[in-house]
Amino acid sequence: MQRISFLGTGAMGSRMAKNLFDAGYEVTVWNRTQDKAQHLFDMGINKAPSPKEAATDADLVISMVRDVEASRYIWLDEELGALRSMKKDAIGIECSTLSLPYINELSTLFCEQGISFLDAPVAGSRPQAEAGKLIFFVGGNVQTVQAVCPILELMGMSVYHAGEHGSGTIIKLMVNGLFGAQLAVLSELMGFAARTQIDLEKAVRILQGTPVCSPATANAATAMLNHAYEPAFPIELVDKDFQLIEKSVAAINSKAPICDATKNLYSQAIQGGYGRDNITGVYQLYCDFAG
């Protein structure tokens, strides 16, 4: 498994593709905006004019794109989709954060073509992608997972096989939902505390020392105190993920009222002009009193 094609080379995909290239693999990339991938071409990574051509003769085809629409295009477009040109013994991996109904549809189409498929979204942002320290949540056949695990480990520090197709996507939505909900509540509570006579910095330090405060929440609290909103996980993507949760929950006739309420909060943040800020920027809805 030497020839790898990477579809989508944005902030995450470009770093993941570079790690594979640095490990000695023959890597071909396609990106909708080719200019943004020029730094990869300058390194010696191959350029493909379409997803279909990128996937031709590839042993492994990996996708990392923004949303369902982009994923559907790169895999399934009638003229340029990658699935049309993949070898029967190739493996397709979708690393994007997408909805469960779509991933189920995609895995079915791969199965109909007789091509192995894994959904393998990741936890982590740009620094983790750069350092090869992402966490993969993988859904699919165990033998297929074992075959690609050494390659995934070049991009991540942990690879969890969650179960059959769709399982990786479910775990990823759970992870992002839990993170988003924690920070939504944290921002509200910090806003509440700041309107009292308490020393907010001291209150946050005390909170960070308790077992109920997760490491991710503790880091976010410090960023909120410092009004640090440089995007790593922009609010517009957080909102997108809660929309994915909403669609996935509805598809199985389940309920998620807290996720619904959290989604509304991030939607308000976008309406307030904070969509491109980091997820910690949701605190700005409550800190109009702050300097």
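None of these values were measured; they are calculated from a predicted model. Count residues from 1 along the sequence.
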Heavy-atom pair of closest approach, residues M224 and Y229:
O-OH, 4.1 Å

D42 versus Q38, side-chain donor and acceptor atoms under 3.5 Å
yes

Rounded to the nearest 0.5 Å, the OG1 atom of T28 sits from the CD1 atom of I4 at a distance of 10.0 Å

So, does T56 use its side chain to make a donor-acceptor pair with the main chain of K52 at under 3.5 Å?
yes

Does a side-chain heavy-atom distance below 4.5 Å link H227 with T280?
no

For the pair H165 (side chain) and F117 (backbone), establish whether a donor and an acceptor sit closer than 3.5 Å, ignoring hydrogens and angles.
yes

Is the backbone of I270 close enough, under 3.5 Å, to the side chain of D239 for a donor and an acceptor to pair up by distance?
no

Please list, chain by chain and in numerical order, all residues satisfying ring-ring contact (aromatic ring centres under 6.0 Å, His included) with Y102, sequence neighbours excluded.
none

Taking R84 first and then E79, would you say they form a salt bridge - that is, a charged N and a carboxylate O separated by under 4.0 Å?
no

Return yes if a side-chain donor-acceptor contact under 3.5 Å exists between T33 and N31, otherwise no.
no

Between atom SG of C259 and atom CE of M174, what is the distance when rounded to the nearest 0.5 Å?
10.0 Å

Using a 6.0 Å cut-off, check whether atom NZ of K255 has over 12 heavy atoms from anything other than its own residue.
no

For G10, is there any backbone N or O sitting under 3.5 Å from a side-chain donor or acceptor partner on S14?
yes

Any chance you could measure N46, atom CG, to L40, atom CG, to the nearest 0.5 Å?
11.0 Å

Side chain to side chain contact (heavy atoms under 4.5 Å, CB included) assessment of L186 paired with L207
CA-CA 10 Å; L186 174 66; L207 181 67; 4.0 Å; yes

Check the hydrophobic clustering (I, L, V, M, F, W, Y; side-chain heavy atoms under 4.5 Å; chains of links allowed) and say if L134 and Y160 are grouped together.
no

Report yes or no: does H161 contribute a side-chain atom to a donor-acceptor pair with the main-chain N or O of G140 at less than 3.5 Å?
yes

Within the 4.5 Å heavy-atom criterion, are P51 and Y73 side-chain neighbours or not?
yes

Test side chain to side chain contact (heavy atoms under 4.5 Å, CB included) on I235 and R276; report intermediate values, then the result.
CA-CA 6 Å; I235 287 173; R276 295 186 178 181; over 6 Å; no

Step by step, would you call W75 with V61 a side chain to side chain contact (heavy atoms under 4.5 Å, CB included)?
CA-CA 10 Å; W75 291 117; V61 182; 3.7 Å; yes

Quick check: is F137 connected to F242 through a chain of hydrophobic side chains (ILVMFWY, heavy atoms under 4.5 Å apart)?
no

pair V138-I93: side-chain heavy atoms closer than 4.5 Å
no

Inter-residue atom distance Y286.OH - L265.CG, 0.5 Å rounding:
4.0 Å

Smallest heavy-atom separation, G177 atom then I245 atom, equals CA-CD1, 3.8 Å

Taking 4.0 angstrom as the limit, do R66 and E236 come out as a salt bridge?
yes

Is it the case that atom NZ in K247 sees more than 12 heavy atoms from other parts of the structure closer than 6.0 Å?
no

Using only atom types and a distance under 3.5 Å, with no angle test, would you say the side chain of S248 pairs donor to acceptor with the backbone of L244?
yes

So K240 and L237, do their side chains get closer than 4.5 Å, heavy atoms only?
yes

Give, for atom CZ of F179 and atom OG of S214, the distance between the pair rounded to the nearest 0.5 Å.
8.0 Å

Using a 3.5 Å distance criterion without hydrogens, assess whether the side chain of D59 forms a donor-acceptor pair with backbone atoms of R3.
yes

Same cluster or not: are M12 and Y25 linked, directly or through other Ile, Leu, Val, Met, Phe, Trp or Tyr residues, by side-chain heavy atoms under 4.5 angstrom apart?
yes

Closest non-hydrogen atoms of I74 and S63, given as atom of the first, atom of the second and distance, are CD1-OG, 2.9 Å

Within a 6.0 Å radius of atom NZ on K87, are there more than 12 heavy atoms belonging to other residues, nucleotides or ligands?
yes

Over 12 non-hydrogen atoms of neighbours within 6.0 angstrom of CD1 in I258
no

Looking only at heavy atoms, the pair that brings S167 and E164 closest together is OG-O, 2.7 Å

With side chains defined as the heavy atoms from C-beta onward, is the minimum distance between L118 and V145 less than 4.5 Å?
yes

Not counting sequence neighbours, list each pair that qualifies as a side chain to side chain donor-acceptor pair (under 3.5 Å) and has a residue in residues 112-129.
D119-T169

With the side chain counted from C-beta on, respond yes when E94 and I103 share a heavy-atom pair under 4.5 Å apart, and no when they do not.
yes

Is there side-chain contact between I171 and V175, with at least one heavy-atom pair below 4.5 Å?
yes

Same hydrophobic cluster for M157 and M64, using side-chain heavy-atom links shorter than 4.5 Å among ILVMFWY?
no

Compare all side-chain heavy atoms of F21 with those of E26 and state whether any distance is below 4.5 angstrom.
no

Return yes if some donor-acceptor pair links the side-chain N/O of Y266 with the main-chain N/O of G180 below 3.5 Å, else return no.
yes

What about W30 and F6, are their ring centers closer than 6.0 Å?
no

S50 and L80 have their tightest heavy-atom pair at CB-CD2, 3.9 Å

ILVMFWY network linking I45 to I62, side-chain heavy atoms under 4.5 angstrom:
yes

Partner set under side chain to side chain donor-acceptor pair (under 3.5 Å) for Q208, not counting sequence neighbours
T222

Would you check if the side chain of N278 reaches a backbone N or O of G281 as a donor-acceptor pair within less than 3.5 Å?
no

Criterion side-chain hydrogen bond (donor to acceptor under 3.5 Å, both in side chains) on E53 and S85, from CA distance to verdict
CA-CA 7 Å; E53 293 186 53; S85 65; over 6 Å; no

All heavy atoms of M190 vs all of L200, minimum pair found to be O-CD1, 3.9 Å

Examine distances only and state if a side-chain atom of S96 and a backbone atom of V65 form a donor-acceptor pair shorter than 3.5 Å.
yes

L106 and L76: CA distance, side-chain angles, deciding distance, side chain to side chain contact (heavy atoms under 4.5 Å, CB included) verdict
CA-CA 9 Å; L106 189 59; L76 305 177; 4.0 Å; yes

Reported CE-to-CD1 distance for the pair M155 and I135, which is rounded to 0.5 angstrom:
14.0 Å

